[in-house]
Amino acid sequence: MANGQWYPPEWPDRVRALASGELTPAPPRPAATVMLLRDTPRGPEVHMLRRRTSMPFAAGAYAYPGGGVDPRDHERAVRWAGPSRAAWAARLGLDESAAQATVCAAVRETYEEAGVLLAGPTPDSVVGDTTGDDWEADREALVARDLSFAEFLDRRGLVLRSDLLGAWARWITPEFEPRRYDTFFFVAALPEGQRTRNASTEADRTVWTSPGAAADGYDRGELVMMPPTIATLRQVGPHRTAADAVAAASGRDLTPVLARARIEDGELVLTWPGHDEFTKHIPSGGAA
């Protein structure tokens, strides 16, 4: 491959089935993922994990901490700091209940997979240390879905710091994929005093890397990434500090990006609107 674009071998057949009407798209599941940034003398670095090769979706690909929205976080009251639920609803294009659950998912997944918690005992603080057996027991209960994130915050007496997040992009898994997600990409700065760790059972490696270095690895075909991952890396790369990137998020367009498939001159053409680098031309009788 010319670069590290994640492109499963079964996609051409599924694209053809979609184009011919033989495939009914699965409904996308609401999800959230977080580009966690830290400052260095050379500029910001982003925390990435490599998905295990045994994973059924995007195996071996580099990604950010993320996962599905927990329906239990729609309604339960959550101690909340930062923009109101109504403001988040307007920003994300969701109702207030779904906006709360989406922000909860972003914060919960960052904690579950990176050990970093964007919450604190007061509206202007964050916890300083999430290590220890009691914290780990709670984290594992969240992973197992034995505990909702709203319940976890209430048990700990913590305030969710929504002001530490910026909504960056929204991508929807192509209609021909059997596992589909409607994913909001957020950006956040690593809180002072906290450290990341590989807490994910889905990852075999985690790294801190500059967005530019990660993009170069993708361009050389050394790092495998899904289109939204490399696209957001390229977008965040020019920012000189983590705070700059978080501040810039408020001006980002959250129009959903959804791949399109069409037949053109006997070929199947796969495109992501606004992202020409991912265009694929699939011969009518074979793989790309």
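Throughout, residue positions are numbered sequentially from 1 according to the sequence presented.
- Between A245 and V236, the shortest heavy-atom contact is CB-CG2, 3.8 Å.
- Considering all non-hydrogen atoms of both residues, V187 and V246 come closest at CG1-CA, 3.9 Å.
- Expressed to the nearest 0.5 Å, how far CG of L147 lies from CG of L153 amounts to 9.0 Å.
- In terms of heavy-atom proximity, A213 sits nearest to S210 at N-OG, 3.0 Å.
- Cluster membership for L258 and F185, using ILVMFWY side-chain heavy atoms within less than 4.5 angstrom, is not shared.
- Here the closest heavy-atom approach between residue A105 and residue A32 is recorded as CB-CB, 4.0 Å.
- Residues P211 and P44 approach most closely at CD-O, 3.4 Å, considering heavy atoms.
- Residues L233 and Y218 form no side-chain contact, since every pair of their non-hydrogen atoms from C-beta on lies 4.5 Å or further apart.
- Under a hydrophobic-cluster definition in which Ile, Leu, Val, Met, Phe, Trp and Tyr are linked whenever side-chain heavy atoms come within less than 4.5 Å, directly or via other members, V257 and V269 are assigned to different clusters.
- Between W171 and H275, some side-chain heavy-atom pair lies under the 4.5 Å cut-off.
- Atom CZ of F184 sits about 4.5 Å away from atom CG of L94, to the nearest 0.5 Å.
- The distance from atom CZ of R205 to atom CZ of R50, rounded to the nearest 0.5 Å, is 6.0 Å.
- Heavy-atom minimum distance, V116 versus P191: CG1-CD, 3.7 Å.
- Salt bridge R79/D154: present, at least one basic N to carboxylate O contact under 4.0 Å.
- At most 12 heavy atoms of other shown residues, nucleotides or ligands fall within 6.0 angstrom of atom CG in D265.
- To the nearest 0.5 Å, the span separating CD on E112 from CG on L142 amounts to 5.5 Å.
- Listed by chain and number, the residues in a ring pair (Phe, Tyr, Trp, His ring centres under 6.0 Å) with F152 are Y111, F149 (sequence neighbours excluded).
- Under the 4.5 Å side-chain criterion, counting only non-hydrogen atoms from C-beta, F278 is not in contact with K280.
- Remark: the backbone N or O of P123 is paired with a side-chain donor or acceptor of R161 at under 3.5 angstrom.
- With hydrogens and angles ignored, the 3.5 Å screen pairs no side-chain donor or acceptor of R260 with any backbone N or O of T271.
- When side chains are defined from C-beta on, P25 counts as touching R180, because their heavy atoms get closer than 4.5 Å.
- Looking at D276 and T279, their side chains never bring a donor and an acceptor atom within 3.5 Å of each other.
- Distance alone, capped at 3.5 Å, is enough to place a donor-acceptor pair between the R14 side chain and the F176 backbone.
- Going from atom CG of D73 over to atom CG of L160 covers 9.5 Å, rounded to the nearest 0.5 Å.
- To the nearest 0.5 Å, the span separating CG on L18 from CD on E175 amounts to 5.5 Å.
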Pair L165-W88, side chain to side chain contact (heavy atoms under 4.5 Å, CB included): steps then yes or no: CA-CA 11 Å; L165 287 169; W88 275 108; 4.2 Å; yes
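- Hydrophobic cluster membership differs between I172 and V69, with clusters built from Ile, Leu, Val, Met, Phe, Trp and Tyr side chains linked at under 4.5 angstrom.
- Side-chain N or O atoms of R108 include none that pairs as donor or acceptor with a backbone N or O of G67 at under 3.5 Å.
- Panel note: side chain Q194, backbone L117; a donor-acceptor pair is recorded below 3.5 Å.
- Side-chain atoms of S97 come within 3.5 Å of backbone N or O of H74 as a donor-acceptor pair.
- Other residues, nucleotides and ligands contribute at most 12 non-hydrogen atoms within 6.0 Å of the CG atom of D133.
- R38 places no side-chain N or O within donor-acceptor distance of the main-chain N or O of V46, the cut-off being under 3.5 Å.
- Linking Ile, Leu, Val, Met, Phe, Trp and Tyr whenever their side-chain heavy atoms come within less than 4.5 Å leaves V126 and V159 in two separate clusters.
- Checked by atom type and distance alone, the side chain of R170 never pairs as donor or acceptor with a backbone atom of P256 at under 3.5 Å.
- A tilted orientation is assigned to the rings of H47 and W208, their planes being inclined by 30° to 60°.
- Around CZ of R155, the count of heavy atoms belonging to other residues, nucleotides or ligands within 6.0 Å does not exceed 12.
- E45 is not listed as a side-chain neighbour of T209, based on a closest heavy-atom distance of 4.5 Å or more.
- R91 places a side-chain N or O within donor-acceptor distance of the main-chain N or O of A167, the cut-off being under 3.5 Å.
- A heavy-atom distance below 4.5 Å is not found between the side chains of F186 and L118.
- For the residue pair T232/Y64, the side-chain donor-acceptor check at 3.5 Å is satisfied.
- When side chains are defined from C-beta on, V78 counts as touching R85, because their heavy atoms get closer than 4.5 Å.
- In this structure, Q100 and W80 have side chains that are in contact, with non-hydrogen atoms separated by less than 4.5 Å.
- Checked by atom type and distance alone, the side chain of T33 pairs as donor or acceptor with a backbone atom of P65 at under 3.5 Å.
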Intermediate values then yes/no, side chain to side chain contact (heavy atoms under 4.5 Å, CB included), T196 and T206: CA-CA 9 Å; T196 57; T206 61; over 6 Å; no
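- Ionic pairing of R76 and D70 is not present here: no N-O contact between side-chain nitrogen and carboxylate oxygen is shorter than 4.0 angstrom.
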